[in-house]
> 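Have a look at the structure that comes next, please.
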Amino acid sequence: MSVPPAQLQDAGTAGAGILQSRLTGLSRQDFARDVWARTALLTRGASDFGDLFSADAADELISRRGLRTPFLRLAKDGATLAESSFTAPAGVGATIADQVDDTAVWRAFADGATLVLQALHRTWEPVSDFSTRLSTELGHPVQANAYITPPQNRGFDAHYDVHDVFVLQIHGCKRWVIHEPVHPDPLRDEPWTDHRAAVSSAARGTPRIDTVLEPGDVLYLPRGWLHAARAQGQVSIHLTLGIHTHSRYTLAEQLTRAALAVLREDPHMRRSLPMGTDGPADEDELATVREHLVAALARADSTPLFDRARRGQVRPAPLGPLAQHTALHTLAPETTLRLRTALDARLDGTRLTSRAGHLDCTAADLPALTRLLDGQTRTAGDLGLNLAARLLRAGILVPALP
C-alpha cells in the first residue's frame, strides 16, 4: 500500500496528529482501520525530518555525549561487531572502561560498518518529544533508533522485527526489499532467528515491495514483515520508530497473573498433592486445578489490566531535579505549573495514579485535581499551595515554561 504526496497536502490541518501530519497522511481512524498491524504502507514525501535528527546530531552524540554501549552498536554484512572493538576507557577523572571511542567508530564506519544509535528517545530531545507524542497517539510504547550506513553497504541480512516500525528516511537514499511474514504477529520472545531457514527462503522470493526511500519518505511495517536495506550512492541516515505493540496475548498474561493472585488466597489450592499418585488420581487433581483456575479467571479484577499493559515500558517525560528543587522551594501563589508530559495520570477515587507512582489525596483535593487533569497550565494558588507542593515533590507537576 502506498500514499502519494498529494494526500499529505491537507494533513497539517488543526487537530491532525503526527500520524497524519508527518507520517502517513491518513487520519488515525483510517490508519487504524486499513493499515495498523495488517499491511505495509509506503508514504512518499511525508515530511522534512531534519528537525528530528541529522548527520550533525549523530556526530555530536558519538563524539561529545560520552555514550556507552548499548546506546551504540555497529554492524556489517549481517554481523554485529564486538563492543570491545569500538569502546575504550574514558580517560582522566573517570573509571568508565567501555565508553564509545570515536576514532574506532570512524575507522569501522570508513570500512563499511553501519552505526546504530539506539534508544534515541532517551538521548536526543527532538526524537524523545516526537516519540512521546506518537506513543500517546497510538497507545503503545515507542522506541527510536537511528541507522547510519556508508554508501553501497548494508548492516543486516533479511530479518523481521518483533515490533511494528515506522522508517523515516533522513538523509541519502536506501533500497528496501520487503517480503510478507513467514511467522505472522511474532511475540517478543519469538525472534527471526527462530525461523532462520524460512526467512532465508522467503527472502529469495518475489518481494512485496522493492523500492528506494528518499529523504522525507516513510515506510510502515507491521511486526513480522521481512526486510533488508542497502544504502545507495551516499551515506544513508534513517530513523526507525519501533512500536512495541501490546497483544491479546499480553492481556492473557496479565489476566493469568491476576487469577493466580486469586488462587493464592484459596486454602484448597495451597494444599500439597497426595503422595505417590499416578493415573486416574492425577487426572482428578488436574481437573480440580482447571476448575478452580477457570473460576479464578472469572473473578480476577480486570480493571487494571489495560493500564499495566500500556504503562509497562513507557517512561514519563524527563524531569530536571534542580529545576524541580527550585520550583518547590520558591513556590508562590502565582507560580505556574503543568502536568508532566506522558504521565498518563488519572484519578481512582482519591488516589492519583500515574507513571511516576501514586499519590493519595483527600476529597477536598478532588476539584483542583480534576482541573489539573484537563492538561492546562495552572497556578499554585489555583491548586492550593500545599497540594501543589506535594505534586511537585512526587514528580507529577513540573514548572511551566515562561
Side-chain angles (χ1 to χ4, degrees), residues 17-19 28 70-71 118-145 163-164 166 188 241-247 249-251 253-255 257-258 261 301-328 331 336-362 365-366 368-378 380 383 387-401:
I18 58 174
L19 185 66
R28 185 177 184 275
F71 285 105
Q118 301 195 129
L120 285 178
H121 57 290
R122 297 293 302 158
T123 60
W124 195 249
E125 184 175 0
V127 174
S128 175
D129 292 345
F130 192 89
S131 300
T132 296
R133 291 174 59 196
L134 182 60
S135 177
T136 300
E137 195 167 329
L138 296 176
H140 297 264
V142 175
Q143 73 165 74
N145 295 348
H163 49 264
D164 294 21
F166 284 98
R188 294 175 193 174
L241 304 176
I243 318 302
H244 288 254
T245 54
H246 299 300
S247 65
Y249 186 85
T250 309
L251 287 181
E253 287 182 314
Q254 299 283 359
L255 186 59
R257 292 191 190 104
D301 181 11
S302 61
T303 304
L305 296 185
F306 280 94
D307 285 349
R308 291 196 199 111
R310 289 169 177 161
R311 295 181 185 190
Q313 295 182 325
V314 179
R315 298 171 65 112
L319 177 149
L322 299 186
Q324 202 75 358
H325 179 273
T326 299
L328 180 61
L331 191 63
T336 54
L337 304 166
R338 64 174 177 83
L339 203 63
R340 191 173 170 190
T341 305
L343 200 63
D344 195 19
R346 64 191 67 187
L347 279 170
D348 182 10
T350 57
R351 172 169 284 191
L352 182 64
T353 303
S354 75
R355 290 184 176 126
H358 66 265
L359 185 68
D360 289 317
C361 305
T362 67
D365 295 326
L366 294 182
L369 289 172
T370 301
R371 293 195 299 274
L372 176 67
L373 293 180
D374 67 8
Q376 300 299 312
T377 297
R378 298 289 175 183
L383 297 171
L387 178 60
R390 293 180 65 212
L391 293 169
L392 278 168
R393 193 177 296 277
I396 294 170
L397 285 184
V398 293
L401 296 176

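Everything quoted here is computed from the prediction, not taken from an experiment. Just the heavy atoms: all of them, side chains too, but no hydrogens, waters or symmetry mates, feed the values below.
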> Would you say the side chains of S247 and T250 form a donor-acceptor pair under 3.5 Å?
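There is such a pair (donor and acceptor under 3.5 Å, judged by atom type) between the side chains of S247 and T250.
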
> Can you find a pair of side-chain heavy atoms, one from L391 and one from L372, that are under 4.5 Å apart?
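Result yes, sub-4.5 Å side-chain heavy-atom pair found.
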
> Between A342 and A317, which heavy-atom pair has the shortest distance, and what is it?
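Shortest heavy-atom contact: CB-N, 4.1 Å.
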
> Are L138 and D164 close enough that some pair of their side-chain heavy atoms sits under 4.5 Å apart?
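L138 does not reach D164 side chain to side chain.
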
> So Q324 and L392, side-chain contact (heavy atoms from CB on, under 4.5 Å) or not? Walk me through it.
CA-CA 7 Å; Q324 202 75 358; L392 278 168; 3.6 Å; yes

> Look at atom CZ of R393 and say whether more than 12 heavy atoms of other residues, nucleotides or ligands are closer to it than 6.0 Å.
no

> What heavy-atom pair brings P399 and A323 nearest, and what distance separates the two atoms?
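Answer, listing the atom of P399 first, then A323: CG-O, 3.9 Å.
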
> How long is the straight-line distance from CG of L331 back to CG of L383, given to the nearest 0.5 Å?
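Nearest 0.5 Å value for the CG-CG distance: 9.5 Å.
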
> Please confirm whether the backbone N or O of S131 pairs with a side-chain atom of S135, one donor and one acceptor, at under 3.5 Å?
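A pair under 3.5 Å: no.
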
> Just by distance, do the side chain of H140 and the backbone of H246 share a donor-acceptor pair under 3.5 Å?
yes

> Rounded to the nearest 0.5 Å, how far does CD1 of I396 lie from CZ of R338?
14.0 Å

> Does the side chain of R355 reach to within under 4.5 Å of the side chain of R340, using non-hydrogen atoms?
no

> Is there a side-chain contact between F130 and L120, using heavy atoms and a 4.5 Å cut-off?
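When only atoms from C-beta onward are counted, L120 and F130 do not touch, as no gap falls below 4.5 Å.
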
> Shortest non-hydrogen contact from A356 to L343?
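That would be CB-CD1, 3.7 Å.
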
> Do we see a donor-acceptor contact under 3.5 Å between the side chains of D365 and T362?
yes

> To the nearest 0.5 Å, tell me how far Q143 CD sits from Q118 CD.
7.5 Å

> Mark yes or no for whether R28, through its side chain, and E137, through its backbone, hold a donor-acceptor pair below 3.5 Å.
yes

> Nearest 0.5 Å, please: how far is OG1 in T336 from CZ in R378?
12.5 Å

> Say you draw a straight line from CD1 of I18 to OG1 of T136; how long is it, rounded to the nearest 0.5 Å?
8.5 Å

> For residues L328 and A389, report the shortest heavy-atom separation together with the two atoms involved.
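In this case the closest contact between L328 and A389 is CD1-O, 3.7 Å.
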
> Counting distance only, does the side-chain N/O of N145 pair as donor-acceptor with the main-chain N or O of L241 below 3.5 Å?
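No; zero donor-acceptor contacts below 3.5 Å.
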
> Indicate the atoms forming the closest heavy-atom contact of A345 with L339, along with that distance.
CB-CD2, 4.3 Å

> Do D360 and T350 make a side-chain contact, defined as non-hydrogen atoms from C-beta onward lying under 4.5 Å apart?
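No, their side chains stay 4.5 Å or more apart.
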
> Dump the intermediate steps for side-chain contact (heavy atoms from CB on, under 4.5 Å) on V398 and T341, then the final yes or no.
CA-CA 9 Å; V398 293; T341 305; over 6 Å; no

> Keeping the roles fixed (side chain from R122, backbone from F71), state whether a donor-acceptor pair exists under 3.5 Å.
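Checked: no pair found.
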
> Is the shortest side-chain N to carboxylate O distance from D344 to R346 below 4.0 Å?
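A salt bridge is present here (some side-chain N lies under 4.0 Å from a carboxylate O).
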
